[in-house]
Amino acid sequence: MTSWFAPGRINLIGEHTDYNDGFVLPMALPMGCATTLSPATDGWSVVSVQEPGEVRVRRSGLSGRDDTPDWATYVLGALWLLHDDGVEVPPLRIEVDSDVPSGAGLSSSAALVCSVVCALDERLGLDLGPAGLLALSRRVENDAVGAPTGGMDQLASLRGEEGHALFCDMRDLTSQSVPFDPGASGLALLVADTRAPHRHADGEYAARRRGCEQAARQLDVPALRDVGADDLDAALASLDDDELRRYVRHVVTEDARVLEAVDLLRDGRLADLGPVLSASHASMRDDFRITVPEVDTAVEALLGAGALGARMTGGGFGGCVIALVAEGEVDAAGDAVRGAFSDAGFGEPELFTASAAPGAHAVEG
């Protein structure tokens with residue numbers, strides 16, 4: 001039986017730039033979610049290896065989602081939307097199995113949604129194509145789930161390429177593969193899952209998005225992506241709110257850092273990426289103010305252990321930190337994080353190295 005696998009992602013750089021029509025540089029991970037579809041006699045049922053029980057619903061549109069558990073909404077969202085679009089979706093049993101840690105900022109939700117959408121596309125013969133798969137995946141999170149995501153996570157999960165990061169322009173949703181193979185340069189991408197709870201993540205994320213949109217209106221530009229680095233000082237001077245100034249400074253400088261990172265990777269200068277990563281973290285900490293003590297502690301410990309650069313990855317308020325580390329220093333860097341967490345009274349972090357993996361694909365069972 002054929003399953004569809006879609007990966008989680010790490011965003012190498014470009015945080016909170018996606019909904020500002022800016023640039024991002026994610027990569028797909030080896031870990032992800034597999035979805036298997038099989039015929040059913042009546043309605044739709046969902047089973048998850050990670051969740052107890054089975055969720056059964058009648059075939060319907062979005063109006064039928066009220067009593068559905070939150071996790072199952074990510075699975076059933078595509079079916080509801082297709083039903084509302086007039087697509088005949090037969091009775092189905094949907095089984096999902098994910099090894100992406102939830103709440104770590106590695107896009108477990110996008111992996112889940114994209115694997116389901118790809119499985120439905122094949123099963124129902126929808127022939128959505130790359131643009132259609134992306135559009136439906138985004139609609140599931142935005143319209144069915146109600147998460148205001150910008151599309152980066154779905155792009156990475158659907159279009160990732162082994163040994164490459166994905167340079168995405170979030171205005172036109174185009175993407176280009178950029179070489180990213182730390183091992184070829186004697187380096188490793190070390191990931192520290194701080195396991196810090198996402199404190200106020202939803203409300204704070206939405207507040208920053210509103211603030212960025214407000215600043216764009218005051219600056220009379222379509223989005224903050226349209227404020228160039230050379231125009232930043234003038235833009236900041238024209239704003240009368242310090243919070244908005246900080247948001248603008250982060251987004252504009254972060255877009256510039258993404259472009260710099262892409263140039264470095266294309267030139268094969270991976271080691272020079274380190275300071276760019278660290279500058280991104282400082283901007284998230286000081287201007288956008290989306291870090292928490294656990295992630296700041298991890299970054300400081302990694303840099304103190306000799307990492308070339310380190311930053312939080314994901315939307316903020318918890319989650320993972322990434323660091324560019326010499327291959328021979330991975331264990332020592334990990335020990336430094338564990339020691340710093342122990343000294344601070346934090347819980348045990350999870351550490352692993354990551355490589356760029358393929359995007360969504362079929363897997364024969």
Side-chain angles (χ1 to χ4, degrees), residues 7-15 24-31 101 104-106 156 160-167 177-196 254 257-285 291 294-314 319-344 346 348-358:
R9 67 98 187 96
I10 278 176
N11 191 24
L12 293 175
I13 195 165
E15 231 61 78
V24 294
L25 189 65
M27 71 177 207
L29 288 168
M31 61 182 68
L106 302 179
E161 183 179 336
E162 185 173 4
H164 291 75
L166 198 67
F167 173 43
S177 293
V178 180
F180 184 74
D181 183 7
S185 301
L187 300 172
L189 186 70
L190 180 61
V191 183
D193 181 357
T194 68
R195 298 179 175 175
E254 187 78 345
R257 284 186 287 269
V258 174
L259 298 177
E260 182 181 1
V262 170
D263 287 342
L264 290 172
L265 294 180
R266 285 174 172 164
D267 290 345
R269 298 164 55 199
L270 184 57
D272 292 337
L273 183 63
V276 185
L277 300 180
S278 297
S280 173
H281 185 79
S283 182
M284 290 187 288
R285 181 192 64 215
T291 68
E294 290 92 335
V295 298
D296 290 333
T297 297
V299 167
E300 292 165 7
L302 288 161
L303 294 176
L308 301 181
R311 68 182 289 272
M312 183 188 69
T313 185
C320 288
V321 165
I322 60 172
L324 203 56
V325 179
E327 281 185 318
E329 298 176 5
V330 167
D331 289 343
D335 288 343
V337 176
R338 293 187 188 95
F341 270 45
S342 177
D343 291 343
F346 300 146
E348 180 81 5
E350 176 74 20
L351 291 116
F352 59 94
T353 57
S355 56

*Asks:* Using side-chain heavy atoms (C-beta onward) and a distance below 4.5 Å, is Pro358 in contact with Pro7?
*Replies:* no
*Asks:* Looking only at heavy atoms, which two atoms of Pro275 and Ala271 are closest? And how far apart?
*Replies:*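 Heavy atoms of Pro275 and Ala271 come nearest at CD-O, 4.2 Å.
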*Asks:* Could you walk me through whether Val24 and Val258 pass the side chain to side chain contact (heavy atoms under 4.5 Å, CB included) check?
*Replies:* CA-CA 6 Å; Val24 294; Val258 174; 5.7 Å; no
*Asks:* Which distance, rounded to the nearest 0.5 Å, do you find between the CG of Leu264 and the CG of Leu259?
*Replies:*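 Separation between the atoms: 11.0 Å.
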*Asks:* Does Arg9 reach the main-chain N or O of Gly105 with its side chain, forming a donor-acceptor pair under 3.5 Å?
*Replies:*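 Yes: the side chain of Arg9 pairs with the backbone of Gly105.
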*Asks:* Any side-chain heavy atom of Ser177 sitting closer than 4.5 Å to one from Leu166?
*Replies:* yes
*Asks:* Roughly how far, to the nearest 0.5 Å, is the CG atom of Leu12 from the CG atom of Leu25?
*Replies:*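 It is 5.0 Å, given to the nearest 0.5 Å.
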*Asks:* Do you know which two heavy atoms are closest between Gly334 and Leu190, and how far apart they sit?
*Replies:* N-CD2, 4.1 Å
*Asks:* Quick one: list whatever passes ring pair (Phe, Tyr, Trp, His ring centres under 6.0 Å) with Phe167, sequence neighbours left out.
*Replies:* Phe23
*Asks:* Considering all heavy atoms of both residues, which atom of Ala165 and which atom of Met27 are nearest to each other, and what is their separation?
*Replies:* CA-CB, 4.1 Å
*Asks:* Just verifying a value: how many Å separate Leu29 CG and Phe352 CZ, rounded to the nearest 0.5 Å?
*Replies:*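 Reported to 0.5 Å precision, the distance equals 6.5 Å.
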*Asks:* Please list all pairs passing the side-chain hydrogen bond (donor to acceptor under 3.5 Å, both in side chains) test where one or both residues lie in residues 274-285, with sequence neighbours left out.
*Replies:*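 Checked against side-chain hydrogen bond (donor to acceptor under 3.5 Å, both in side chains) - neighbours excluded - the pairs reaching residues 274-285 are His250-Ser283, Glu254-Ser280, Arg257-Ser283, Ser280-Arg311, His281-Asp296.
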*Asks:* For Asp272, check salt bridge (Lys or Arg N to Asp or Glu O under 4.0 Å) against everything at least two apart and list the hits.
*Replies:* Arg269
*Asks:* Counting C-beta onward and ignoring hydrogens, is there a side-chain heavy-atom pair between Leu308 and Leu273 closer than 4.5 Å?
*Replies:*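 No, their side chains stay 4.5 Å or more apart.
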*Asks:* Enter the distance from Leu302:CG to Leu324:CG here, rounded to the nearest 0.5 Å.
*Replies:* 11.0 Å
*Asks:* At their closest point, which heavy atom of Pro26 faces which heavy atom of Asn11, and how far apart are they?
*Replies:* N-OD1, 3.4 Å
*Asks:* Treating Glu15 as the side-chain partner and Thr313 as the backbone partner, does any N or O pair qualify as donor plus acceptor under 3.5 Å?
*Replies:*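 Such a contact is absent between Glu15 side chain and Thr313 backbone.
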*Asks:* Evaluate the criterion side chain to side chain contact (heavy atoms under 4.5 Å, CB included) for residue pair Val299 and Met312; output intermediate values, then yes/no.
*Replies:* CA-CA 8 Å; Val299 167; Met312 183 188 69; 5.5 Å; no
*Asks:* Using the test salt bridge (Lys or Arg N to Asp or Glu O under 4.0 Å), find all partners of Glu350 that sit at least two apart in sequence or belong to another chain.
*Replies:*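 Arg195.
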*Asks:* Quick check against the 3.5 Å criterion: does Thr353 have a side-chain atom that pairs as donor or acceptor with the backbone of Leu189?
*Replies:*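 Flag not set: sc Thr353 to bb Leu189 has no pair under 3.5 Å.
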*Asks:* Determine, step by step, whether Leu265 and Leu270 satisfy the side chain to side chain contact (heavy atoms under 4.5 Å, CB included) criterion, reporting the C-alpha distance in whole Å, the side-chain angles of both residues, the deciding distance to 0.1 Å, and the verdict.
*Replies:* CA-CA 6 Å; Leu265 294 180; Leu270 184 57; 3.3 Å; yes
*Asks:* Hey, could you give me the CD/CZ distance between Glu294 and Phe346, rounded to the nearest 0.5 Å?
*Replies:* 4.5 Å
*Asks:* Any side-chain heavy atom of Phe341 sitting closer than 4.5 Å to one from Glu348?
*Replies:*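 In short, these two side chains do not touch, never coming nearer than 4.5 Å.
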*Asks:* Using every non-hydrogen atom in the two residues, find where Ala305 and Ala336 come nearest and quote the distance to one decimal.
*Replies:* CB-CB, 3.7 Å
*Asks:* Show every salt bridge (charged side-chain N to carboxylate O under 4.0 Å, His left out) that has at least one partner inside residues 324-333, sequence neighbours left out.
*Replies:* none
*Asks:* Closest heavy-atom contact between Ala340 and Thr297?
*Replies:*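 Residues Ala340 and Thr297, closest heavy atoms: CB-CG2, 3.8 Å.
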*Asks:* Which salt bridge (charged side-chain N to carboxylate O under 4.0 Å, His left out) pairs, counting each pair once, include a residue from residues 178-192, with sequence neighbours left out?
*Replies:* none
*Asks:* Are the side chains of Pro349 and Thr194 in touch, meaning some heavy atoms are under 4.5 Å apart?
*Replies:*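 In short, these two side chains do not touch, never coming nearer than 4.5 Å.
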